Structure formats: structure tokens, C-alpha cells
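Residue numbers begin at 1 in each chain, while the letters A, B, ... track the order of the sequences. As a basis for the values below, the full set of heavy atoms in this structure was taken, side chains included, without hydrogen atoms, waters or symmetry mates. Given the structure is predicted, the values throughout are model-derived calculations rather than measurements.
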There are 2 protein chains.
Amino acid sequence: MARPRQALLTRQRIIDAAAALIDAEGLDALSTRRLATELGVRGPSLYNHFANKDEILDAVADAITSKVDVSFFATHDWRDALRLWGRSYRQALVTHANIVPYLAQGPGRRPAALAMADAVYGGLVKAGWPPARATHIGALMRYFVAGSALGSFARGFVEDPQLYAAHYPHLSQAHRLAEHQQSVDEGAFALGLDALIAGLEQTYERVVGSLP
Amino acid sequence: MARPRQALLTRQRIIDAAAALIDAEGLDALSTRRLATELGVRGPSLYNHFANKDEILDAVADAITSKVDVSFFATHDWRDALRLWGRSYRQALVTHANIVPYLAQGPGRRPAALAMADAVYGGLVKAGWPPARATHIGALMRYFVAGSALGSFARGFVEDPQLYAAHYPHLSQAHRLAEHQQSVDEGAFALGLDALIAGLEQTYERVVGSLP
DNA sequence: GTCTATACCTGGATAGAC
DNA sequence: GTCTATCCAGGTATAGAC
């Protein structure tokens with residue numbers, strides 16, 4: 001099996017397999033050898049499609065970001081657009097939570113991330129937000145979404161009541177958090193998103209609403 | 001130099017050196033060999049003080065979290081407490097941004113993290129927030145702070161105007177972001193924190209203010 | 001309590017055959 | 001375009017001398 005008639009690998013197959021591997025076992029599980037094995041191939045073959053491992057990771061990150069829906073800024077009020085975009089953004093990251101640290105720290109060179117920033121910024125400015133504020137809003141939404149995808153709050157807790165009751169008076173029910181992990185995270189995200197938009201609305205009225 | 005009269009290492013020295021190394025060169029730079037070298041010692045010596053590498057990382061994470069000031073919940077109005085705690089929390093993480101991915105994903109077994117959660121939850125409940133909401137608020141604040149420390153929004157951009165102007169119509173000034181990275185991040189955090197608290201205030205009036 | 005020595009594994013990447 | 005073979009660096013951790 002030196003050179004198969006039909007290529008065994010494509011960039012897309014590699015990206016998909018890498019994403020699946022990271023989702024299942026974490027960022028550290030992604031090695032070129034391991035990824036190749038998943039694809040029924042040997043390590044070095046990957047280098048026919050990507051120059052190095054970082055290029056693979058960047059491609060995965062870009063694919064995930066490209067799933068975020070930013071179309072709302074063209075069709076909706078900025079408040080609704082922010083809310084709908086925020087949900088779509090979180091959804092995209094939560095389903096690939098293990099890659100969030102890489103994705104959030106990565107450089108602003110990935111096309112999908114730039115397209116997203118462009119749409120958000122453009123939409124906010126068009127709605128009347130001053131450019132500096134629009135930048136801040138794009139950034140703070142990113143903080144909130146990335147943070148919520150990164151660290152499930154509840155995942156941290158352990159299902160052992162004894163561990164908390166003794167030393168942390170207010171956390172006596174904390175072990176229950178482990179049971180309701182997902183609903184706690186979703187509730188916290190929903191509450192935060194509502195609060196953020198309501199708070200920004202006040203700023204908007206003060207800053208933009210007072211103009212002619 | 002087999003057995004020195006005075007121990008060369010202490011847990012505290014190891015923790016400090018590990019934090020400094022991570023701050024300077026990132027999480028991946030922390031290996032037992034490298035850390036030992038920084039301490040003027042050989043790799044295996046560390047195992048006299050910690051069972052394994054994860055224990056070292058947990059100790060670093062705990063040390064950082066313990067620097068967060070949660071005393072405000074005992075002395076201030078919940079709004080002010082939230083704001084002051086948020087700033088202190090962000091400050092602690094931003095100065096050790098490289099460890100945020102580990103810290104945010106880690107388990108809820110670290111004493112400092114539990115003490116913090118306990119103080120926040122207790123303070124909010126005492127202020128009249130229903131327990132479920134108090135949990136959500138603690139979580140959403142964590143999302144926002146961790147997200148803001150994790151990924152500097154502006155750091156991602158590159159100081160090359162050409163890169164953006166061509167394809168992203170609204171980002172023509174994006175290269176300027178790289179110059180003002182810190183002020184963008186601080187401005188975005190401040191705006192988001194204000195908006196969050198203002199938004200929560202509305203919820204508070206609706207949920208708590210209407211009670212007897 | 002730190003050392004040396006070492007076992008053992010995994011990693012990313014390249015060269016050259018087919 | 002995938003293979004084999006190989007390099008080299010680095011990782012965690014243990015055993016036993018001093």
C-alpha cells in the first residue's frame with residue numbers, strides 16, 4: 001500500500017477526526033500518531049495535508065467557529081441579535097468544550113473568527129453604538145461565552161456531601177450541584193445573558209438614545 | 001551533595017517557582033525536570049514534596065485562588081460586593097493568565113475555590129437572593145471573569161492592517177486593537193461588569209423586592 | 001532529602017522507498 | 001499520498017546509594 005489510487009485522507013476527514021478525538025478525550029489526547037491511527041493511517045501521512053500539528057488545531061478551531069450563526073445582526077434588533085448570537089456561540093463551544101482553551105487563546109488570524117468579529121462589530125455600529133463600545137461589547141460577550149463553555153461551574157463539585165458540609169457552611173447542598181450540572185450551567189448562562197443585555201440597554205439609552 | 005543539612009526545597013518554594021514558570025512560559029513549559037532545574041535541583045527531588053505533577057498544579061491553582069478577596073460579602077451591599085469581588089477575582093487570574101484553563105476546569109476540591117464559592121453563595125443568600133439564583137450568579141460571574149482572563153480579546157489581532165482591510169469591511173481598524181490590547185480588555189470587562197450588575201439589579205427588584 | 005541511574009513511554013517531525 | 005525507518009527531545013516516575 002504505497003500510493004493508493006484514491007487518497008485515503010482529506011483535510012476534512014482529518015479535521016473531523018481531530019475534533020472527535022478532542023471532544024472525546026481532551027486536547028492532550030490529540031497527537032499526530034493517535035490521530036493517524038483513528039484514521040487508519042500512519043502518523044507521517046498527515047504531513048501531506050498539514051504542515052504541522054498547529055495547522056490541524058487551527059483548522060479544527062476555525063471549523064467550530066464557522067458554525068456560529070451571526071446572521072441575526074443583519075435581520076434583528078441589536079438586543080435580539082446579541083441574545084441569539086450568544087446562544088449560538090455558546091452552543092458551538094459547549095459541544096466542543098475541550099478545545100475552548102486553544103480556541104480562546106488563539107490568534108486573530110482564523111477566517112471564521114474574523115468574520116464573526118466583523119459581523120458583530122458592524123451590526124452594533126450600524127445600530128448606533130459608538131465604535132469603541134461596539135468593540136467592548138464584542139469582547140465581553142466573548143468572555144462570557146468562552147468562560148461558560150470552558151468551565152462548567154457545577155462539574156467541579158463532587159457527589160460527596162461530607163466533603164462540603166464540614167467546612168463550608170453555606171455549601172451544605174453543594175453535592176446536589178453535581179447532579180444538576182447541565183441545568184445549573186444553562187440557568188446561569190441564561191440569567192447572565194439576560195442581565196448583560198438588560199444592563200447594556202441602560203447604557204444604550206444613556207449613550208445613544210440621547211442623540212438627535 | 002547527597003543529603004543536605006537543610007532542606008533545599010519546600011512546598012512553598014516549589015509552588016512559587018511553578019507559578020513563575022507557568023506565567024513566563026505557559027502551562028506546557030511546566031515539566032518536573034524543568035521546574036527542578038529552576039530550583040537548582042534534579043527532577044526526582046520534587047517527589048519528596050508532592051506525589052505527582054498534578055498535585056503541584058493544584059497547589060498553584062489553590063494559591064492563586066486564595067488571593068481573591070471575598071471579604072466584601074460580609075461588609076458591603078451585594079451589588080458592591082459583586083463588583084469588588086469581580087475585580088479582585090479578575091486581577092488574580094489575569095496575573096496568572098496561563099494557568100486559567102487548568103484552574104477553570106479543575107475539580108471543586110481545592111479549598112480556596114470552595115471557600116470562595118461558600119462566601120459568595122452565603123453573601124447572596126443573606127442579601128435575599130433565592131438559593132437557586134445565588135448559585136447561578138456565582139457561576140455566571142465565574143464565567144465572565146474566567147473568560148476575560150483566558151482570552152484577551154485584543155491579543156488575537158495582528159498589527160498588520162492589510163490582513164483585515166481586504167476581507168473584513170468593518171474591521172479596517174482592527175490592527176489598532178493590538179496596540180491597545182490592555183485597555184480594550186479592561187474597558188470590556190468594566191462595561192460587562194457594570195451591565196451584569198445593573199441587569200441583576202432589575203431581576204432583584206422583580207424577584208426579591210416584591211416580597212414583604 | 002537529594003542524588004544518580006534508569007526504565008519506559010510518548011511526542012513531533014524528516015528522509016527516502018514505492 | 002502513504003509507507004517504513006529513524007531521530008531526537010522530552011515526559012513521569014521508581015530504585016537505591018549516600
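Note: A:F189 and A:F144 meet the aromatic proximity criterion, with ring centroids under 6.0 Å apart.
Scanning residues 46-55 of chain A for heavy-atom distances under 4.0 Å to DNA chain C yields A:Y47, A:N52, A:K53.
Residues A:L193 and A:L82 form no side-chain contact, since every pair of their non-hydrogen atoms from C-beta on lies 4.5 Å or further apart.
The CG-C1' distance, from B:L30 to D:dT12, rounds to 12 Å in whole Å. Rounded to an integer number of Å, the gap from CG of A:L9 to C1' of D:dC3 is 12 Å. Computed from coordinates, the A:L57 CG to C:dG11 C1' distance equals 14 Å when rounded to whole Å. As a whole-Å value, the separation of A:L35 CG from C:dG11 C1' is 14 Å. Between the CG atom of B:D28 and the P atom of C:dG11 there is a distance of 14 Å, given to the nearest Å.
Neither OP1 nor OP2 of C:dG1 sits under 4.0 Å from any side-chain N or O of B:S45. Side-chain N/O atoms of A:R42 include one lying less than 4.0 angstrom from OP1 or OP2 on D:dT4.
Classification of A:D58 and A:R109 as a salt-bridged pair fails, no side-chain N sitting under 4.0 Å from a carboxylate O. We find that A:R83 and A:D194 are joined by a salt bridge, their nearest charged nitrogen and carboxylate oxygen being less than 4.0 Å apart.
The aromatic rings of B:F72 and B:H76 stand perpendicular to each other, their planes meeting at an angle above 60°, with 30° marking the opposite boundary.
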(request) Determine, step by step, whether A:R34 and A:E25 satisfy the salt bridge (charged side-chain N to carboxylate O under 4.0 Å, His left out) criterion, reporting the C-alpha distance in whole Å, the side-chain angles of both residues, the deciding distance to 0.1 Å, and the verdict. (result) CA-CA 11 Å; A:R34 177 72 196 281; A:E25 304 187 32; 2.8 Å; yes
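Across all strands shown, A:R33 has heavy atoms under 4.0 Å from base atoms, whether or not it also approaches the sugar-phosphate.
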